[in-house]
Amino acid sequence: MAKVLTSRSENYAQWYNDLVIKADLAENSAVRGCMVIKPYGYAIWERMQAELDRMFKETGHVNAYFPLFIPKSFFSREAAHVKGFAKECAVVTHYRLTADEENGGLKVDPSAKLEEELVIRPTSETIIWNTYRNWIQSYRDLPILINQWANVVRWEMRTRLFLRTAEFLWQEGHTAHETRAEAVEETLKILGVYATFAEQFLALPVIKGIKSETEKFAGAEDTYCIEALMQDGKALQAGTSHFLGQNFAKAFDVMFASKEGKQEYVWATSWGVSTRLMGALVMAHSDDNGLVLPPKLAPQQVVIVPIYKTPEEYAATVERAHLIKSQLVKHGITVKVDDRDTHKPGWKFAEYELKGVPVRLAIGPRDLENGTVEVARRDTLTKETVPMESLEVYIPALMDQIQAEIYNKALRFRTENTHKAETWEEFLDLVEKGGFISAHWDGTPETEKAIQEETKATIRCIPLDSIDEPGICIKTGRPSNRRAIFARAY
RNA sequence: CGGGGUAUGGCGCAGUCCGGUAGCGCACCUGGUUUGGGACCAGGGGGCCGCAGGUUCGAAUCCUGCUACCCCGACCA
């Protein structure tokens, strides 16, 4: 087979870039740091959106849309929030272009300067809480459970397709509650939705945890996250859910009259996942032959390739392919019959492998004669011959099996690459090997920073299911009562 | 924002040192033979050589100045 990808062992970063481009997921655009998401990549994103959207609605959320532009003054209302985002904001200063007499073309019209500059949203807490102020008067107006699907802009120094782009697509949920307990419950409920989604749809095992003070969202009281491990041993944050306390309510003066008739500040949460999940999907499962998609996310779950020599064979195999398609479609499986005569079977095989289609069926004259079909699995690259009449039962079951096995493979990889470090030497050794490291930490930002500066490893999270366990900090030797998960991260 | 690199048909590159009418592979088009793992033969089309100046009889090539993108670091989902 002609090799179109750099291998993972040769250069992991290059492999990732090659794969994203060759599998037609996305490409770099004419705009610095911004990508074009191509139809195939967007179809996968749409699968993610559809499922998440369903899960959000099921938990009582509704969609809405808030503006792309945010008055600059809104940003300075919440101190930590400004500090967190100020360095990466794109700002609109003018509203008109005019002919450039000197150099030709167009120039920004200096007379069209905005009264107040507009920040292109890096996230929408400020505009949303400014709006919620008008929506909330009484406890009867609560809770507000809103999600929006949107694009956001963060002016990153260095970008990588899907993992970090200047503009990206995401969903951001913003909820308002009567009590602290209710908001905390919401934060954790969404974290659970994210974890379920990652594990059941992306086939991506994740660790649910809470961020350290250093790593938490600017403006949050607590940030929870799901952390996943990529094949190169680096961690990737796949989703975050923030308990915002009353920070934004205070900054935007959002109060409600409680049942007791007192004016109280509203409790808030916000949460999001982005197109970064596409990067997670690629780096978690794919191999040197291309993308490996879990069936639940694959835009095409099955592709059927007819094999033929003569026009008669073409007609017969294609007819059989469509027959099989009609049977599988009844079971909710998405099937594509590739009856193009412009490409040879071998070419098609390689192409669908690159694109990660979970199952490929090939039907040739021999199969017509024997009443069989060749079934090839993308995840294992194995092939077998299956009787035509059993496909209707076999393929749907195979989809579930592949979904489960991809997850189990990723889980096994994570288990094999998660280790406890008891000493600083062990820690240094494990950091070089990659993977998650579970280690005691004295809980101070200073120690966290020191560890990061020496090893480039950061605290990914303190797992929610971690147990109280007395120990000593690997760096300082001071007492610790809980382990944190460390890793080098994307 | 530092350091490095690149810019030549749709894509990947050679040509630049040493100036003389722009070439290769893939892709594309036509015809034929092929078709169970990226077919083969023959013919064909397609390029202000990133942009702007300059030197020269003559510039992809030399000089000056821009711009964009990629990679490596510091910051971030």
Side-chain angles (χ1 to χ4, degrees), chain A residues 1-6 11 13-14 16-18 21-22 27-35 83-89 103-105 122-123 152-172 194 211 214-218 223 225-228 235-242 270-280 289-290 305-311 313-314 317 339-354 360-370 372-374 376 381 383 385 452-453 456 458 460 489-490:
Chain A
M1 184 194 303
K3 185 169 155 303
V4 293
L5 298 177
T6 306
N11 184 341
Q14 191 61 46
Y16 175 82
N17 286 337
D18 283 0
I21 289 164
K22 296 281 171 50
E27 63 187 34
N28 283 304
S29 71
V31 186
R32 190 207 75 99
C34 296
M35 64 180 164
K83 201 159 168 287
F85 287 104
K87 286 173 302 198
E88 51 189 31
C89 287
N103 306 308
T123 179
V152 286
V153 169
R154 296 181 187 176
W155 214 259
E156 300 290 349
M157 293 295 183
R158 225 182 118 201
T159 58
R160 290 191 66 190
L161 292 168
F162 289 120
L163 297 175
R164 177 165 293 108
T165 46
E167 179 190 12
F168 57 92
L169 306 183
W170 77 347
Q171 57 71 212
E172 48 181 325
Y194 286 161
K211 286 290 190 189
T214 315
E215 296 275 331
K216 79 175 189 191
F217 173 72
T223 288
C225 62
I226 51 172
E227 291 284 330
L236 185 109
Q237 179 176 304
T240 50
S241 184
H242 315 291
S270 69
W271 26 274
V273 298
S274 71
T275 37
R276 186 177 226 209
L277 286 176
M278 295 288 293
N289 296 311
V305 177
I307 314 283
Y308 53 87
K309 285 194 174 68
T310 63
E313 284 173 353
Y314 174 82
T317 51
D339 58 4
R340 289 178 297 175
D341 190 35
T342 50
H343 296 280
K344 293 185 57 181
W347 189 94
K348 293 177 182 174
F349 292 175
E351 184 67 9
Y352 292 116
E353 254 157 42
L354 198 51
R360 180 188 74 233
L361 305 181
I363 306 166
R366 285 204 302 272
D367 293 304
L368 292 182
E369 204 170 306
N370 304 330
T372 58
V373 175
E374 181 187 88
L381 294 169
K383 291 193 277 203
T385 301
Q452 178 176 5
E453 281 173 1
K456 299 204 189 306
T458 50
R460 300 322 305 152
Y490 278 99

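In the text below, chain A, chain B and the rest are named by the order of the sequence lines, each starting its count at 1. Keep in mind that this is a model prediction, so the values were computed, not measured.
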C1' spacing across the pair B:C70 / B:G65, given as an integer number of angstrom | 23 Å

Here the distance between atom P of B:G37 and atom NZ of A:Lys348, to the nearest Å, is 13 Å

Please state the C1' separation for the pair B:U6 and B:A60 - nearest whole angstrom.
-> 15 Å

Whether A:Tyr194 side chain and A:Gly272 backbone form a donor-acceptor pair below 3.5 Å | yes

Which whole-number value in Å describes the distance from A:Arg460 CZ to B:C76 P?
-> 11 Å

Is there a donor-acceptor pair under 3.5 Å between the side chain of A:Ser29 and the backbone N or O of A:Cys34?
-> yes

Pick the C1' atom in B:G32 and in B:C24, then give their distance to the nearest Å.
-> 26 Å

Can you tell me how far P in B:C48 sits from the matching atom in B:G10, rounded to whole Å?
-> 9 Å

P atom, B:A52 versus B:U61: distance in rounded Å?
-> 13 Å

Return yes if some donor-acceptor pair links the side-chain N/O of A:Asn17 with the main-chain N/O of A:Gln14 below 3.5 Å, else return no.
-> no

Indicate the ring-plane relationship of A:Tyr314 and A:Tyr308, choosing parallel, tilted or perpendicular according to the 30° and 60° boundaries.
-> perpendicular

Look at all strands and tell whether A:Glu351 reaches a base, only sugar-phosphate, or nothing, counting heavy atoms closer than 4.0 Å.
-> base

For nucleotides B:U67 and B:C57, find the distance between their C1' atoms and express it as a whole number of Å.
-> 32 Å

Could you list all N or O pairs between the protein and nucleotides 65-70 of chain B that sit under 3.5 Å apart?
| residue | atom | partner | partner atom | Å |
| --- | --- | --- | --- | --- |
| B:C69 | OP1 | A:Arg32 | N | 2.8 |
| B:C70 | OP1 | A:Asn28 | OD1 | 3.2 |

For B:G12, the nucleotide meeting Watson-Crick or G-U wobble distances (both under 3.5 Å) is B:C24

Check A:Glu227 against A:Ala235 and note the closest heavy-atom contact, atom names and distance.
-> OE1-CB, 4.0 Å

Write down the atom of A:Glu167, the atom of A:Thr165, and the distance for their closest heavy-atom approach.
-> O-OG1, 2.8 Å

Is there any protein nitrogen or oxygen under 3.5 Å from a nitrogen or oxygen in nucleotides 27-35 of chain B, and what are the pairs?
| residue | atom | partner | partner atom | Å |
| --- | --- | --- | --- | --- |
| B:U35 | O2' | A:Tyr308 | O | 2.7 |
| B:U35 | O4 | A:Lys309 | O | 3.3 |

Determine the contact category for A:Thr240: base if any of its heavy atoms lies under 4.0 Å from a base atom, sugar-phosphate if only primed atoms, P, OP1 or OP2 are that close, otherwise nothing.
-> nothing

Separation between the C1' atoms of B:U21 and B:G47, rounded to whole Å = 14 Å

Heavy-atom count around A:Trp155 CH2 within 6.0 Å, excluding the residue itself: above 12?
-> no

Indicate, with a heavy-atom threshold strictly under 4.0 Å, whether A:Phe168 touches base, sugar-phosphate, or nothing.
-> base

Expressed in angstrom and rounded to an integer, what is the separation of A:Lys22 atom NZ from B:C26 atom P?
-> 16 Å

Heavy atoms of A:Val273 and A:Trp170 approach each other most closely as O-CB, 3.1 Å

Using both distances under 3.5 Å as the test, list the Watson-Crick or G-U wobble partner of B:U56, or none.
-> none

Which is true for A:Glu374 with a 4.0 Å heavy-atom rule: it touches a base, it touches only sugar-phosphate, or it touches nothing?
-> base

Is a side-chain N or O of A:Thr275 found less than 3.5 angstrom from the main chain of A:Phe168, in a donor-acceptor match?
-> no

Which residue, A:Pro365 or A:Met157, contacts RNA chain B at a nucleotide closer to its 5' end, judged by nearest heavy atom?
-> A:Pro365

When all nucleic acid strands are considered with a 4.0 Å heavy-atom cut-off, which category describes A:Arg160: base, sugar-phosphate, or nothing?
-> nothing

So which nucleotide does B:G50 pair with, by the Watson-Crick or G-U wobble rule with both distances under 3.5 Å?
-> B:C66

Indicate, with a heavy-atom threshold strictly under 4.0 Å, whether A:Thr342 touches base, sugar-phosphate, or nothing.
-> nothing

Find the distance A:Lys211:NZ to B:C76:C1' and express it as a whole number of Å.
-> 11 Å

Closest to the side chain of A:Glu156, out of B:C76, B:G38, B:A74, is B:C76

Should B:C17 form a Watson-Crick or G-U wobble pair with both distances under 3.5 Å, which nucleotide is its partner?
-> none

Base-pairing assignment for B:U30 (Watson-Crick or G-U wobble, both under 3.5 Å) | B:A42

Toward the 5' end of RNA chain B, which comes first, A:Gly346 or A:Arg154, by nearest nucleotide?
-> A:Gly346

Regarding the side chain of A:Lys456, the nearest nucleotide among B:G36, B:C76, B:G73 is B:G73

Pairwise C1' distance, B:C13 and B:G9 [rounded to whole Å] = 12 Å

Using modelled atom types only, decide if a donor and an acceptor are shared between the side chain of A:Arg154 and the backbone of A:Glu88 within a distance under 3.5 Å.
-> no

For A:Pro365, what residues pass the side chain to side chain contact (heavy atoms under 4.5 Å, CB included) criterion, not counting sequence neighbours?
-> A:Glu313

Touch check for A:Leu163, heavy atoms < 4.0 angstrom, all strands: base, sugar-phosphate only, or nothing?
-> base

